[in-house]
Amino acid sequence: MLSNSQLLSLIGILRNARKFGLIVLCSALMACGGGGSSTSPDPLTEEPVADESVVEEPVSEEPVSEEPVNEEPVNEEPVIEQPAVEEPVIEQPAVEEPVIEQPAVEEPEEEPVTEQPDPLSAQSDSARAGKIPGVNIWQLPNSPDGDRPDQCWLAVGSDDSGEIYISGHDHQTNSMLYRMYQSDNTLRWIGDARTASEAADNWENGETAEKFHTRPIYHQGQVYVATLDKSGMDNGFRSTRGFHWYSYKISQNRFYDLSASEPNGVGAETLQLATIQIDPLNNLLYGMSIPENKLVRYDIATGTTTVLGNPPQWTGYFYTNRFMWVDSRGRVYITGGSSRGQWNKGESSAVFDHVWYYDPATGFGELPEFELQGPNSMEVGQWDREHKNLYTSDDQGNIYRFNDAAASWTFLGRPNFSSSLKTWIFQLSADEEKIYIGLSDGPQPNAIYEYDIATGSSFELLKINDLDDAAAAEAFITGYDSWDSKGNFYIASFSMYDNDNVYMLGINPVEIKLQKGLITNRMQVSAVQENDGNIRVSRSGSNAAPLDVLFEVRGSDSEGNWVTTGYGELTIAAQQSDFNIDPLSLSLPAGDSAISFEFVVVADGNDYLISDDTTVAFLQ
């Protein structure tokens with residue numbers, strides 16, 4: 001029998017054993033992750049704590065070298081000491097905090113959705129080389145919201161400095177605008193209709209912008225486009241809200257909905273524009289609607305649109321001209337109709353076999369002496385660099401020349417290819433000697449011809465499959481009046497609804513002719529300033545024949561803005577490789593605000609290439 005003291009001692013031992021048992025039980029529970037954490041909805045903490053080090057240290061990939069949580073049951077005797085070892089396990093949840101916070105680190109990736117993203121950080125594509133020298137290819141990237149630009153109808157253009165602008169659209173919901181930066185040869189998304197209109201609170205629920213069917217038009221630091229939401233020659237347009245004017249402000253790298261400030265937030269209710277044109281002297285934009293063929297005018301200074309209508313003889317729905325032009329007197333020249341069975345709506349040949357016009361002073365009129373080769377509206381066109389002669393063509397390749405000074409009209413001829421093919425490529429060389437004119441949408445491979453203006457002769461310069469296999473697989477090629485500062489012109493190649501984004505091709509016709517042996521003398525022209533202040537224009541290659549070189553004299557104001565341009569041509573004589581110019585002998589362009597000047601060699605797009613050294617600054 002135990003004495004009282006022995007009994008008290010036994011009770012104490014049992015109490016301590018119970019206490020230590022509770023400690024061991026708590027330790028075992030903590031080693032299993034605890035009961036509370038199993039109810040957490042966070043997917044990052046749903047796995048047992050024993051695996052948490054794998055989540056925390058994915059890079060090290062050390063398979064669970066965790067302070068062996070599984071070792072707790074070892075040595076029952078020293079269990080009394082274990083609580084001190086178990087403390088780090090208790091603190092493990094605190095180590096999980098960085099894992100729980102990881103999603104916050106990823107949030108910036110969801111921010112491409114800025115209302116007006118900086119194009120330098122927007123979707124882009126770098127040039128890749130074509131199959132032969134002188135060719136670069138880009139593919140238009142999707143918009144930040146995932147809109148796919150799989151079509152580009154006559155929507156490639158350039159500004160005065162040679163930056164290239166191209167529209168891509170899905171022909172269903174949205175239209176995008178892109179810019180090819182010459183500085184790094186990269187194509188970047190710079191805006192789209194929906195994003196710009198939403199930023200201006202001018203996009204209605206369910207509204208769409210199927211196309212920018214217009215060539216991007218540059219004027220005074222901005223590039224303009226307009227929407228075409230329904231292009232069928234039926235009443236579909238009547239269900240639309242109306243077209244929007246948009247402008248890309250180059251200095252701000254921002255794309256704006258100009259119609260947000262107009263009544264009802266559109267240029268005109270239900271109207272949709274198939275083409276636009278600039279009147280640079282009067283600071284006006286003109287547009288032509290489809291299928292009613294109503295002329296509209298946008299006053300850039302006041303931000304207002306006026307519907308001017310059309311000639312009374314223009315009745316019903318019919319094919320809309322895709323190209324119109326404005327002369328130095330502010331008169332707008334317009335055409336309409338198509339003889340193709342695909343688009344003819346029974347319009348009168350007698351009405352549409354000549355050019356019409358709109359004069360701001362007298363209204364609409366017709367020019368029967370401006371005869372056309374059938375009732376076919378103008379599709380493409382380009383002014384020469386001095387804005388003296390305009391060259392234009394219908395979609396069958398019939399080429400005309402309009403002289404601005406005389407307001408005269410001449411039919412020049414057409415290339416030697418079938419008129420059943422569509423002419424949507426039209427690029428006039430800077431020396432005004434050649435037109436590179438394309439054909440597509442037919443049974444033969446898409447191709448570009450060289451048309452000689454003086455003789456009317458033509459030949460196939462290239463097939464698209466000479467340049468790039470992927471672009472050659474597409475159905476259509478389009479693009480006119482879209483040259484950069486290096487003598488390359490740009491076109492689009494695409495099909496419809498094929499989930500393949502538009503390809504843009506930059507083509508140097510001189511390089512193509514060199515590669516094909518059509519030119520045997522590679523000449524590259526440069527300009528540098530000599531120590532005596534004179535300008536030396538040099539050519540590489542053979543000097544056996546004389547070479548005519550184009551140049552410009554550009555004037556800038558006190559803030560460095562390019563405000564005026566003069567045009568010239570010099571001849572490097574046979575057996576000579578250089579031509580020296582005294583800047584004092586140069587005729588300066590008109591414009592009182594110009595205080596500094598540059599001499600710039602211009603690529604002619606026909607005979608010679610230019611080097612990187614083409615500009616010389618001078619004072620006079």
Side-chain angles (χ1 to χ4, degrees), residues 134 156-165 180 182 215 218 280 325 380-393 399 401-404 412 425-438 448-455 458 461 479-491 505-514 518-519 521-527 537-539 541 546-554 562 564-572 579 581 586-587 589 598-616:
V156 190
S158 54
D159 64 21
D160 284 358
S161 67
E163 296 288 274
I164 301 299
Y165 300 87
M180 199 288 286
Q182 296 178 100
R215 174 184 178 272
Y218 170 79
W325 70 98
V380 289
Q382 181 180 335
W383 285 97
D384 68 8
R385 68 192 189 111
E386 297 188 57
H387 222 79
K388 293 179 178 179
N389 292 310
L390 173 99
Y391 295 84
T392 183
S393 171
I399 301 173
R401 179 172 57 212
F402 170 80
N403 178 265
D404 182 72
L412 297 179
I425 299 286
F426 195 89
Q427 307 285 348
L428 175 69
S429 65
D431 63 4
E432 204 179 341
E433 292 184 10
K434 311 292 184 183
I435 296 171
Y436 303 104
I437 185 167
I448 295 176
Y449 276 58
E450 178 179 291
Y451 179 83
D452 187 277
I453 295 172
T455 66
S458 65
L461 176 64
Y480 65 94
D481 189 9
S482 46
W483 294 81
D484 69 12
S485 63
K486 291 289 188 180
N488 306 290
F489 64 78
Y490 292 75
I491 67 171
L505 285 76
I507 302 170
N508 190 304
V510 177
E511 192 67 69
I512 298 297
K513 288 188 246 187
L514 285 164
L518 301 170
I519 297 176
N521 182 21
R522 175 182 291 272
M523 292 181 290
Q524 192 172 59
V525 179
S526 61
V537 179
S538 304
R539 60 167 164 175
L547 177 66
D548 295 329
V549 176
L550 306 179
F551 68 87
E552 294 178 358
V553 176
R554 300 174 182 173
W562 177 11
T564 184
T565 307
Y567 303 91
E569 184 175 327
L570 60 86
T571 300
I572 302 177
F579 187 97
I581 303 170
L586 291 170
S587 298
E598 290 180 330
F599 174 91
V600 182
V601 170
V602 175
D604 73 344
N606 183 19
D607 297 315
Y608 62 84
L609 304 168
I610 59 173
S611 75
D612 292 333
D613 298 318
T614 57
T615 302
V616 175

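Reckoned from all heavy atoms, side chains included, excluding hydrogens, waters and symmetry mates.
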Evaluation steps, side-chain hydrogen bond (donor to acceptor under 3.5 Å, both in side chains), between Ser611 and Asp613: CA-CA 5 Å; Ser611 75; Asp613 298 318; 4.8 Å; no

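Contact check on Glu432 versus Lys388 returns no salt bridge, with no Lys/Arg side-chain nitrogen under 4.0 Å from an Asp/Glu carboxylate oxygen.
Here CG of Leu428 is found 7.0 Å from CG of Asp384. Values are rounded to the nearest 0.5 Å.
With sequence neighbours excluded, the residues that form a side-chain contact (heavy atoms from CB on, under 4.5 Å) with Thr455 are Asp452, Ser457. Remark: Trp383 pairs with His387 by the ring pair (Phe, Tyr, Trp, His ring centres under 6.0 Å) rule, at least two apart or across chains. For Trp483, the side chain to side chain donor-acceptor pair (under 3.5 Å) partners at least two apart in sequence or on another chain are Gln427. Take Val600 and apply the side-chain contact (heavy atoms from CB on, under 4.5 Å) test, not counting sequence neighbours, and it matches Arg554, Glu598, Thr615. Among residues two or more places apart in sequence or in another chain, the ring pair (Phe, Tyr, Trp, His ring centres under 6.0 Å) test is passed with Phe579 by none. Residues that satisfy the ring pair (Phe, Tyr, Trp, His ring centres under 6.0 Å) test with Tyr449, not counting sequence neighbours, are Phe417. With sequence neighbours left out, the side chain to side chain donor-acceptor pair (under 3.5 Å) criterion links Ser161 to Asp159. Considering only residues two or more places apart in sequence or on other chains, Ser158 meets the side-chain contact (heavy atoms from CB on, under 4.5 Å) condition with Ile164, Arg215. Taking Asn488 as the reference, Asp484, Asn508 meet the side chain to side chain donor-acceptor pair (under 3.5 Å) condition, with sequence neighbours excluded. For Tyr567, there are no ring pair (Phe, Tyr, Trp, His ring centres under 6.0 Å) partners at least two apart in sequence or on another chain. For Asn403, the side-chain contact (heavy atoms from CB on, under 4.5 Å) partners two or more places apart in sequence, or in a different chain, are Asn389, Ala405, Ala406, Ser408. Under the side chain to side chain donor-acceptor pair (under 3.5 Å) criterion, Thr564 pairs with no residue at all, not counting sequence neighbours.
Listed for the Thr571 side chain is no donor-acceptor partner under 3.5 Å among the backbone atoms of Asp548.
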